[in-house]
Amino acid sequence: MRKVYLDNNATTPIHPDVQNAIMKFLAENFGNPSSIHWAGRDAKKALEDAREKVAALINADPSEIVFTGSGTEANNMAIKGIAFQNIEKKGHIITSSVEHPSVLNTCKYLEKKGFEVTYLPVDSYGMIDPGDLKKSIKKNTILISIMMVNNEIGNIYPVKELVSIAKENNIPFHCDAVQALGKIEVDVKKLGVDLLSISAHKIYAPKGVGALYIRKGLKIEPIITGGHQEKNRRGGTENMIGIVGFGKACEIAKKEMSEVAERVKKLRDKLEKGIMERIPDVKLNGHPEKRVPTTLNVSFLYVEGESILLNLDLEGIAASSGSACTSGTLDPSHVLTAMGIPHEVAHGSVRFSLGRDTKEEDIDYVLEVLPPIIEKLRSYSPLYRKAKGGK
Ligand SMILES: *Cc1c(COP(=O)(O)O)cnc(C)c1O
């Protein structure tokens with residue numbers, strides 16, 4: 001069966017050059033980078049090479065990069081790291097209502113521990129209004145955490161503008177840039193952020209490794225205490241295989257990013273236009289322009305996203321409804337709900353996320369297979385019959 005993978009926002013396949021770099025490392029290098037002997041020095045060198053490559057992609061200094069066990073851990077480290085510094089007097093945190101669960105649930109946890117959290121609203125396009133951020137700042141605001149690119153709808157948020165508001169008020173700014181990395185420019189200096197999270201497996205490297213950028217001079221409490229690794233900022237022997245792969249993937253992204261973005265945007269636009277032309281009653285979710293070139297989120301009215309996915313899977317097409325972390329529950333996506341999209345429309349949403357390996361034939365195949373699936377599902381749907389005046 002033909003296989004088409006359009007779920008690159010959930011995870012990406014390993015880039016062949018990343019695989020080669022990992023295999024070479026595995027064959028030659030096994031030391032613990034904290035050891036002072038030759039084996040340790042070899043590992044330390046590989047660790048620091050990777051750190052330089054990750055730092056280069058986001059225009060940071062290598063000393064500002066802390067490797068973590070995931071993007072989720074980087075988000076936890078940033079938010080709890082600031083919160084735990086204020087453990088006595090607590091304080092107020094501002095985030096948005098469309099963040100990844102690793103930010104939202106960390107904030108909810110801190111609310112239970114006595115912190116106060118404001119969740120900024122979004123408009124019907126899923127955009128955040130910087131004016132809302134300005135209005136929600138309080139005397140005791142200790143952190144603002146807002147993502148750069150949304151994983152479900154692909155929206156790009158005005159981080160630079162949001163950071164300038166934080167700066168006027170001397171509040172540290174954390175940005176979850178996991179979905180931005182390798183897709184659009186992420187430059188910590190231009191953005192002016194204090195903390196920024198990234199993850200390897202969203203950019204063609206292995207799962208189980210991420211990084212947190214911590215601006216030089218900013219102190220945060222470590223959440224994983226242990227040895228002196230990562231300059232006392234994150235204990236635990238480093239995931240060397242993952243880190244070597246992450247470094248290689250960052251090096252490749254720096255070179256290939258703009259070419260890939262241009263090519264993938266054409267394919268995404270072709271998919272979007274093709275769906276709109278071939279299938280009636282489809283609604284685009286997210287901002288039509290302020291969006292990464294890789295993501296297309298649409299609602300097919302009168303049908304369930306889950307049924308569409310099962311039928312697509314039978315044809316070898318992998319896509320997603322909302323985020324991988326929340327699928328498996330029957331609640332509609334918190335992102336679409338925050339946008340004011342009615343539950344029945346949100347339930348019909350499907351996310352297609354393209355990547356560097358997506359081919360024109362993949363898109364043609366989806367455009368051939370999808371319309372009859374929707375037509376079939378609608379023919380079973382009482383909602384559809386009722387809406388079209390039948391019985
Ligand atoms: C995937 C993702 C994360 C979590 O990264 P993991 O490495 O999978 O833990 C965080 N934020 C966003 C926006 C993501 O897409």
NZ/NE/NH1/NH2 to OD/OE distance under 4.0 Å, Glu262 and Lys265: no
Pair Glu360 + Lys266: basic N to acidic O under 4.0 Å: no
Backbone N/O of Val292 and side chain of Thr295: donor-acceptor pair under 3.5 Å: no
His100 side chain reached by Asn150 side chain, heavy atoms, under 4.5 Å: no
Close side-chain approach of Leu296 to Arg351, heavy-atom, < 4.5 Å: no
Minimum side-chain heavy-atom gap Ser353-Thr294 below 4.5 Å: no
Exercise: do Ser70 and Glu73 side chains pair donor with acceptor under 3.5 Å: no
Review item, side-chain donor-acceptor pairs of residues 175-186, under 3.5 Å, at least two apart:
from: Asp176; atom 1: OD1; to: Val178; atom 2: N; distance (Å): 3.0
from: Asp176; atom 1: OD2; to: Asn75; atom 2: ND2; distance (Å): 3.1
from: Gln179; atom 1: OE1; to: Lys183; atom 2: NZ; distance (Å): 2.6
from: Gln179; atom 1: NE2; to: Asn9; atom 2: O; distance (Å): 2.9
from: Lys183; atom 1: NZ; to: Gln179; atom 2: O; distance (Å): 3.2
from: Glu185; atom 1: OE1; to: Lys190; atom 2: NZ; distance (Å): 3.3
from: Glu185; atom 1: OE2; to: Lys190; atom 2: NZ; distance (Å): 3.1

Residues Lys376 and Asn311: side-chain donor-acceptor under 3.5 angstrom: yes
Ionic contact status for Asp49 with Lys45, cut-off 4.0 Å: yes
Ionic contact status for Lys273 with Asp269, cut-off 4.0 Å: no
Between Thr11 and Lys207: side-chain donor-acceptor atoms closer than 3.5 Å: yes
Residue pair Ile275 / Leu370, side-chain heavy-atom distance below 4.5 Å: yes
Residue pair Phe173 / Leu191, side-chain heavy-atom distance below 4.5 Å: no
Glu344, CD: over 12 other non-hydrogen atoms inside 6.0 angstrom: yes
Aromatic ring pairing His287/Tyr125, orientation class (parallel under 30°, perpendicular over 60°, tilted between): tilted
Derivation and outcome, side-chain contact (heavy atoms from CB on, under 4.5 Å), residues Asp362 and Arg2: CA-CA 9 Å; Asp362 297 339; Arg2 195 187 170 111; 3.3 Å; yes
Note: Arg291-Glu272 ion pair, threshold 4.0 Å (strictly below): yes
All N/O donor-acceptor pairs, side-chain side in residues 24-33, below 3.5 Å, sequence neighbours left out:
from: Asn29; atom 1: OD1; to: Ala43; atom 2: N; distance (Å): 3.4
from: Asn29; atom 1: ND2; to: Asp42; atom 2: O; distance (Å): 3.2
from: Asn32; atom 1: OD1; to: Ser34; atom 2: N; distance (Å): 2.9

Test item: Glu256 side-chain N/O and Ile252 main-chain N/O as donor-acceptor pair under 3.5 Å: no
Carboxylate-amine/guanidinium contact Lys254 Glu251, below 4.0 Å: no
Thr358 side chain reached by Tyr5 side chain, heavy atoms, under 4.5 Å: no
Heavy-atom check, side chain of Glu315 versus side chain of Tyr365, under 4.5 Å: yes
Identified salt bridge (Lys or Arg N to Asp or Glu O under 4.0 Å) counterpart of Glu116 within the set Lys89, Lys90, Lys138: Lys138
Side-chain ion pair, Glu238 and Arg51, N-O less than 4.0 Å: no
Lys134/Asp129 salt bridge by N-O under 4.0 Å criterion: no
Verdict with reasoning, His334 to Glu152, per side-chain contact (heavy atoms from CB on, under 4.5 Å): CA-CA 10 Å; His334 70 281; Glu152 292 191 30; 3.8 Å; yes
Pi-cation contact, Tyr109 with Lys80 (under 6.0 Å, within 45°): yes
Student check: side-chain heavy atoms of Tyr157 and Lys290 closer than 4.5 Å: no
Please report, to 0.1 Å, the donor-acceptor pairs under 3.5 Å made by any side chain of residues 212-223, with sequence neighbours excluded.
from: Arg215; atom 1: NE; to: Asp194; atom 2: OD1; distance (Å): 2.7
from: Arg215; atom 1: NH2; to: Asp194; atom 2: OD1; distance (Å): 3.1

